[in-house]
Protein chains: 2
Amino acid sequence: MRFSTRGRYGVKAMFVLAQHYGQGPLPLNQIAEDQGLSEAYLEQLVGELRKSGLVKSVRGAQGGYLLGKSPGKITVGDVIRVLEGPIAPADCVIDDDTLDLCDQAGQCVTRLIWKRVRDSITHVLEGITLADMLVEANELHDGEQQSQLKF
Amino acid sequence: MRFSTRGRYGVKAMFVLAQHYGQGPLPLNQIAEDQGLSEAYLEQLVGELRKSGLVKSVRGAQGGYLLGKSPGKITVGDVIRVLEGPIAPADCVIDDDTLDLCDQAGQCVTRLIWKRVRDSITHVLEGITLADMLVEANELHDGEQQSQLKF
DNA sequence: AGCAATACCAACTTGAATAGTGGGATATGA
DNA sequence: TCATATCCCACTATTCAAGTTGGTATTGCT
């Protein structure tokens with residue numbers, strides 16, 4: 001029950017782009033370096049984010065990537081869904097209606113459980129925007145400074 | 001972001017054992033047949049559940065498996081943790097304290113997100129006991145009967 | 001006593017997914 | 001025109017999931 005690196009790296013990359021929002025395109029190598037990730041691998045992920053519209057790209061020299069919308073309008077759930085597929089702890093709850101996958105899905109008690117898990121994860125991830133992450137990053141950093149002053 | 005069959009089948013098996021709670025040992029082939037699962041594969045899973053104490057076994061003819069505690073004292077989270085390992089969407093939030101996995105975990109914003117996801121999943125899974133599942137199964141079945149009467 | 005039913009155990013297999021790497025084509029600002 | 005970028009596709013290595021197979025040990029029943 002882990003998110004793969006696809007989703008996790010993707011969120012990190014989007015966070016970096018959010019930090020540079022409004023400052024022109026940011027080249028991939030800076031994002032990769034900033035987060036300590038493989039640039040070639042990250043390229044695949046950002047490519048999918050671009051196709052989904054969550055990021056835009058500018059080709060050529062001085063090019064790079066930008067957010068497709070403002071940080072307040074992109075949730076972590078948006079990013080995860082593009083890179084990891086539908087948020088669902090089991091295939092039978094990818095959506096609410098198609099019960100095809102299991103002949104007795106209608107009477108299945110475990111399915112109710114996976115639905116609740118799914119909704120709970122979705123609720124968390126839909127509730128956090130990139131803008132929220134920027135705020136939290138500031139709070140973390142402030143705390144860090146304070147504890148540095150203490151010692 | 002899926003639970004594997006290990007956890008999902010394990011919960012199903014535990015549910016069947018809960019349905020037979022107080023009625024003596026239930027052999028594995030009946031559990032497997034009831035849920036439409038491979039007996040040989042399920043054996044591995046139940047073996048781990050036994051080692052963890054969640055189920056007890058009786059060897060020999062007329063033997064089988066029983067719950068180790070009453071259905072009200074076993075949560076879905078207990079079962080999942082035995083079969084899937086710690087509930088955590090990323091390695092860096094397996095527990096709260098060891099930050100070893102990531103040198104900047106203390107200032108990592110994404111880590112806060114994975115913690116919230118983890119806590120939210122844990123809250124759901126810890127909040128559902130096998131006894132709760134029995135109740136829900138009855139409710140599902142009642143609804144099923146009603147809709148059968150309607151048509 | 002002996003048989004059938006059952007748990008127990010460990011090794012093996014198959015396929016898919018993860019987490020990348022590598023090489024080249026295309027676009028573009030300076 | 002050149003360095004800096006995105007873009008795109010094919011390849012690989014490792015790990016994990018999801019079983020299967022075959023055998024041993026135990027025990028109730030007749």
Side-chain angles (χ1 to χ4, degrees), chain A residues 1-13 17 20 24-68 80 83-86 89-91 101, chain B residues 1-13 16-17 20 24-68 80 82-86 89-91 101:
Chain A
M1 192 56 175
R2 305 275 186 277
F3 286 116
S4 68
T5 55
R6 294 173 55 83
R8 302 203 317 273
Y9 292 3
V11 172
K12 285 181 182 237
L17 288 178
H20 284 253
L26 192 65
L28 196 61
N29 59 28
Q30 285 193 39
I31 304 177
E33 194 177 340
D34 186 288
Q35 295 293 317
L37 307 175
S38 150
E39 183 184 343
Y41 184 43
L42 195 56
E43 186 188 292
Q44 290 179 37
L45 310 182
V46 173
E48 296 177 39
L49 291 169
R50 181 181 57 81
K51 282 168 195 160
S52 79
L54 291 180
V55 309
K56 288 183 292 192
S57 64
V58 177
R59 300 190 66 166
Q62 274 61 52
Y65 294 93
L66 315 87
L67 291 187
I80 294 285
L83 294 172
E84 304 246 356
D91 285 342
L101 288 154
Chain B
M1 193 55 176
R2 304 277 186 276
F3 287 117
S4 69
T5 56
R6 294 174 56 83
R8 302 203 318 270
Y9 292 3
V11 172
K12 284 180 181 237
V16 175
L17 288 177
H20 284 253
L26 191 64
L28 195 61
N29 59 31
Q30 285 193 39
I31 304 175
E33 195 176 340
D34 187 287
Q35 295 293 317
L37 308 175
S38 149
E39 182 183 345
Y41 183 44
L42 195 55
E43 186 188 290
Q44 289 179 37
L45 311 182
V46 173
E48 296 177 41
L49 291 169
R50 182 181 57 82
K51 282 169 194 157
S52 79
L54 291 181
V55 310
K56 289 184 291 194
S57 64
V58 178
R59 298 190 66 166
Q62 274 62 51
Y65 294 93
L66 315 88
L67 291 187
I80 293 287
V82 168
L83 294 171
E84 303 248 356
D91 285 342
L101 288 153

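Protein chains get the first letters and strands the later ones, always in sequence-line order, with residue 1 at the start of each.
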Engineer: Nearest whole Å is fine: how far is C:dC9 P from B:E48 CD?
Structural biologist: 12 Å

Engineer: Using 0.5 Å steps for rounding, measure from the CG atom of B:L17 to the CG atom of B:L26.
Structural biologist: 6.0 Å

Engineer: CD1/A:I31 to NE2/A:H20 distance, rounded to the nearest 0.5 angstrom?
Structural biologist: 8.5 Å

Engineer: Roughly, in whole Å, what's the span from CD in B:E33 to P in C:dA5?
Structural biologist: 14 Å

Engineer: Can you see which heavy atom on B:E84 is nearest to which on B:R8, and at what distance?
Structural biologist: OE2-N, 4.4 Å

Engineer: How many Å lie between CZ on B:R2 and C1' on D:dC16, as a whole number?
Structural biologist: 16 Å

Engineer: What are the two closest heavy atoms between B:S38 and B:A32, and how far apart are they?
Structural biologist: C-CB, 4.4 Å

Engineer: Output one letter per nucleotide in nucleotides 22-30 of chain D: B when a protein non-hydrogen atom lies under 4.0 Å from the base, S when only the sugar-phosphate is that close, - when neither is.
Structural biologist: ---BBBSS-

Engineer: How does each nucleotide of nucleotides 13-21 of chain C score, in 5' to 3' order, for protein heavy atoms under 4.0 Å: base (B), sugar-phosphate only (S), or none (-)?
Structural biologist: ------BBB

Engineer: Side chains of A:V11 and A:F3: does their closest heavy-atom pair fall under 4.5 Å?
Structural biologist: no

Engineer: Whole-Å distance between D:dA5 P and A:L66 CG?
Structural biologist: 14 Å

Engineer: Take atom CD1 of B:I31 and atom C1' of C:dA7, then tell me their distance rounded to the nearest Å.
Structural biologist: 12 Å

Engineer: Give the minimum heavy-atom separation between A:P25 and A:G63, together with the two atoms involved.
Structural biologist: CB-C, 3.8 Å

Engineer: Can you check the A:L42 CG to D:dA5 P distance for me, whole Å?
Structural biologist: 15 Å

Engineer: Strictly below 4.0 Å: does A:N29 bring a side-chain N or O up to OP1 or OP2 of D:dA5?
Structural biologist: yes

Engineer: Determine which pairs satisfy side-chain hydrogen bond (donor to acceptor under 3.5 Å, both in side chains) with at least one residue from residues 43-68 of chain B, sequence neighbours left out, and list them in order.
Structural biologist: B:R6-B:E48

Engineer: Less than 4.5 Å apart, any side-chain heavy atom of A:Q35 and any of A:Y9?
Structural biologist: no

Engineer: Could you check how far CD of A:Q30 sits from C1' of D:dT6, rounded to whole Å?
Structural biologist: 15 Å

Engineer: OP1 or OP2 of C:dT6 versus the side-chain N and O atoms of B:S57: is any pair under 4.0 Å?
Structural biologist: no

Engineer: Could you report the tightest heavy-atom contact between A:L42 and A:L37, atom names first, then the distance?
Structural biologist: CD1-CD1, 4.2 Å

Engineer: Taking only side-chain N and O atoms of A:R50, does any of them lie within less than 4.0 angstrom of OP1 or OP2 on D:dA5?
Structural biologist: no

